[in-house]
Amino acid sequence: MTSPVRVRFAPSPTGHLHVGHVRTALYNFLLARGRGGAYVLRIEDTDTERSTTESRRGIIEALDWLGLEWDEGPEKGGPYAPYLQSGRYEEFRAAARRLWDEGHAYPCFCTTEELDAEREEARHEGEAYVYSGRCRDLDRDEVERRLADGEPYALRFRVPPGRTSWVEPTSRGMVAFENAGLGDFVIWRRPSIDGGHPLYNFTVAVDDIAMRITHVLRGDDHISNTPRQVLIYHALGAEPPSFVHLPMILGPDRQKLSKRHGATALDEFRRQGYLPEGLVNYLALLGWSEGEDRELYSLAELIESFSLERLNKTAAVFDYDKCRHINGEQLKALPAEERARRALPYLRGAGAVPAELEPDTDGWPRLVEIIEQIADRVKLLSEYTFYVRPFYHAPTEYEEKAVKKVLGKSGARERLERGRAALAEADGFTHDALESAFRELAAELEVGLGKLIQPLRVALTGDRVGIGLFETAELLGREAALERIEHCLSFMDSHDLGA
RNA sequence: GGCCCCAUCGUCCAGUGGUUAGGACACCGCCCUUUCACGGCGGCGACACGAGUUCGAAUCUCGUUGGGGUCACCA
């Protein structure tokens, strides 16, 4: 039950990290941490044409941000290096040669044109393409001759008859494929074993064997590759690991999640103000549940609770609303000081606060207090800018509905003036002092407190929406508050409002 | 189309032979309230269908339908 586990997350550096990848990485991480095993990061860069170091850096940075720290991998090393798949080239070559020597692989001289024709015919017949096996039983002498002539070839795996199956340690259980439907697949590209490149189904097995991987957790879309990999394991005399195929994450239209559906790349979520805690929490819930009605988890709690047995097998639709909600819950759990630190880059980026504002400087406690007051009005870090901006910038215009529904109401101007007087004369410019002053004024004017407060709020912030009015005023200070009211009064005059 | 996987509210999850089928998000009311949020209360809303097994099926079996994945000398 608690046998040592070795898992890996093996992205190919050909693009951005997608939420689906993130969930796969997370589950691998959770399994390893929960069972005291090793979580390794391996970069599958054998496709030299599509792999970029920029993508690799992006992936590493993203994983870093999420807090999914790997035990072995790039920039860290480990006992089973190399962790960049391209670094294992000679080992792949040796394994391929061995397969060839032992008859598990054979050279295929078919040209691209010939193969295209085969594929074309299969499509025409409405059947799945399976390599014909034309080069499978070539005469030994002929093979020698063509090899000696330097004719280009690819290496194909000789798929044996029968069926291939494996048992997943989840409710999915056994999955089986008929070998006949697999076809002899290519493990090494042309022109030859000395010059070409090893291919995925082969490299992944060799690498996992070399790294002593015990559990392969990956997307559902890899199920059809699995029998081929199991075959390679057997041919190489190795015991296959446990395979666990995770349900897909779909878009709202139930198609595989893609850019069309909105944000999918991790950096986009980050830009939008998601917390790593929020994303991790939400993604953990997409395909797994503890079995009770709980859905708020820290990474540490997930490590504690996660188990393969509780994985579910139904594809899940990514729900942005729910993701945002979970993020909001995680945000609530953070102390104001921390929320302020995390929000700062967004605030500065939006110009809501002075560019030079830094933690632990003179202006810092005030920002923390503002953030504290905003409380759980926001769910994403980027949403703080709306509430924070008024404390650093006097309104230059007034929100449309605020003008219509507040400033435009008859008597608004008088109430605002009386409010200004109350602010000017208040004995102490604190929340409590202001509140009692306004309650008295409301009683005197025989109007609801709201009637008094609304115009003031608009004058002070430019909008009807914001934190408590008395907190707002206190945080602004008497001088700035009075100045803003003056400005608003003249705005009302020039627009003939609130008479 | 072949092969493979899957099937409970709109969405995400509970539920493993006997429940008024539960929770969360979203949505809609009401309450609280200086606005917006938060919070509280309530509502809407699902076992895809058909056979079987059983005293009894959301739960087990088979079929149908539906959805998804995959069919490269990419990963």
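Here is how names work: the chains are called A, B, and so on, in the same order as the sequence lines, proteins then strands, and each is numbered from 1.
- No engagement by A:Phe318 is indicated, since no non-hydrogen atom pair under 4.0 Å with the nucleic acid exists.
- Considering only residues two or more places apart in sequence or on other chains, A:Arg57 meets the salt bridge (charged side-chain N to carboxylate O under 4.0 Å, His left out) condition with none of them.
- B:U64 and B:A48 make up a base pair, with Watson-Crick or G-U wobble contacts both under 3.5 Å.
- Judged by atom type and distance alone, A:Arg464 does not reach the base of B:C36 through any side-chain donor-acceptor pair under 3.5 Å.
- B:C13 and B:C47 have their C1' atoms separated by 14 Å, with the value rounded to a whole Å.
- Taking only side-chain atoms of A:Leu250, from C-beta outward, the nucleotide of B:C5, B:G68, B:C6 with the closest atom is B:G68.
- B:G42 is paired with B:C28 under the Watson-Crick or G-U wobble criterion, all donor-acceptor distances under 3.5 Å.
- The side chain of A:Gln454 has B:U35 as its nearest neighbour among B:A75, B:C12, B:U35.
- Residue A:Gly291 is in sugar-phosphate contact alone, with no base atom involved, counting any heavy-atom pair closer than 4.0 Å across all strands shown.
- A:Tyr106 and A:Asp184 are linked by a side-chain donor-acceptor pair at a separation below 3.5 angstrom, with hydrogens and angles left out of the test.
- A distance of about 28 Å separates the C1' atoms of B:A14 and B:C55, rounded to the whole Å.
- Among the protein residues, A:Arg42 comes within range of no part of the nucleic acid, since none of its heavy atoms lies under 4.0 Å from any strand.
- Between A:Arg254 and the phosphate of B:C12, there is a side-chain N or O to OP1/OP2 separation shorter than 4.0 Å.
- The separation of B:G15 from B:A51, taken at their P atoms, amounts to 28 Å, rounded to a whole angstrom.
- At whole-Å resolution of the value, CG in A:Asp376 and C1' in B:A37 are 7 Å apart.
- Per the geometry, NE2 belonging to A:His245 stands 10 Å off C1' belonging to B:C5, to the nearest Å.
- Across B:G18 and B:A57, the matching C1' atoms stand 9 Å from one another, rounded to whole Å.
- Between A:Arg294 atom CZ and B:C12 atom C1' the separation is 17 Å, expressed in whole Å.
- Look at B:C71: its Watson-Crick or wobble partner, with both distances under 3.5 angstrom, is B:G1.
- Checking B:A14, B:C36, B:A75 against the side-chain heavy atoms of A:Leu199 singles out B:A75 as nearest.
- Taking atom C1' in both B:G69 and B:U20, one finds a spacing of 39 Å when rounded to whole Å.
- Closest to the A:Arg310 side chain, of the nucleotides B:U70, B:G15, B:C73, is B:G15.
- Applying the 4.0 Å criterion to OP1 and OP2 of B:C3, one finds that A:Ser224 has every side-chain N and O outside that range.
- For the pair A:Leu460 CG and B:C36 C1', the computed distance is 16 Å after rounding to whole Å.
- At the phosphate of B:C74, neither OP1 nor OP2 sits under 4.0 Å from any side-chain N or O atom of A:Thr14.
- The base of B:C36 sits within donor-acceptor range of the side chain of A:Arg377, with an N or O pair under 3.5 Å.
- For A:Lys332, counting side-chain heavy atoms from C-beta on, the closest listed nucleotide (B:C73, B:A75, B:G39) is B:G39.
- In this structure, A:Arg457 does not reach the B:U34 phosphate: none of its side-chain N or O atoms is under 4.0 Å from OP1 or OP2.
- Computed from coordinates, the A:Phe202 CZ to B:A72 C1' distance equals 17 Å when rounded to whole Å.
- Using a 30° and 60° split on the angle between ring planes, A:Tyr320 and A:Phe269 fall in the parallel class, below 30°.
- When distances run from any side-chain atom of A:Arg189 to the nucleotides B:C74, B:C25, B:U11, the shortest one goes to B:C74.
- You'll find that the side chain of A:Phe177 is closest to B:C4, out of B:U35, B:C4, B:U34.
- Which of B:U11, B:A72, B:G67 sits closest to the side chain of A:Tyr129 comes down to B:A72.
- Nearest to the side chain of A:Ala128, among B:C6, B:G68, B:G2, sits B:G2.
- For the C1' atoms, the distance linking B:C32 with B:U16 amounts to 43 Å, nearest Å.
- A:Tyr27 contributes atom OH, which lies 9.5 Å from atom CG of A:Leu217 (distance to the nearest 0.5 angstrom).
- Using a 4.0 Å heavy-atom criterion, one finds that A:Cys323 contacts no nucleic acid atom at all.
- Distance, A:Arg119 CZ to B:U70 P: 17 Å, rounded to whole Å.
- Applying the 6.0 Å contact sphere to CD of A:Glu304 captures no more than 12 heavy atoms from other residues, nucleotides or ligands.
- Cation-pi geometry between A:Arg163 and A:Phe177 is not met: the NZ or CZ atom fails to fall both under 6.0 Å from the ring centre and inside 45° of the normal.
- Here the straight-line distance linking atom CD of A:Glu397 with atom CD of A:Glu400 works out to 10.5 Å at 0.5 Å rounding.
- A straight line from NZ of A:Lys405 to C1' of B:U35 spans 11 Å, rounded to a whole angstrom.
- Among the atoms of the strands shown, none is found under 4.0 Å from any heavy atom of A:Ile374.
- Distances were taken from every side-chain heavy atom of A:Tyr200 (C-beta onward) to each of B:C5, B:G23, B:A75; the shortest belongs to B:A75.
- Rounded to a whole angstrom, the distance from the C1' atom of B:A46 to that of B:C12 is 13 Å.
- Seen from the ring of A:Tyr297, A:Arg294 counts as a face-on cation partner, given the 6.0 Å and 45° thresholds.
- When the C1' atom is compared between B:A37 and B:A21, the two are found 33 Å apart, to the nearest whole Å.
- Projected onto RNA chain B by closest heavy-atom contact, A:Ser171 and A:His431 fall at different nucleotides, the more 5' of which corresponds to A:Ser171.
- Scanning atom types as modelled, one donor and one acceptor separated by under 3.5 angstrom connect the side chain of A:Asn225 and the base of B:A75.
- Between A:Phe243 and A:Trp166, the ring-plane angle classifies as perpendicular under the 30° and 60° cut-offs.
- Put simply, CZ on A:Phe185 is 20 Å from P on B:C3, counting in whole angstrom units.
- Among the protein residues, A:Lys451 comes within range of no part of the nucleic acid, since none of its heavy atoms lies under 4.0 Å from any strand.
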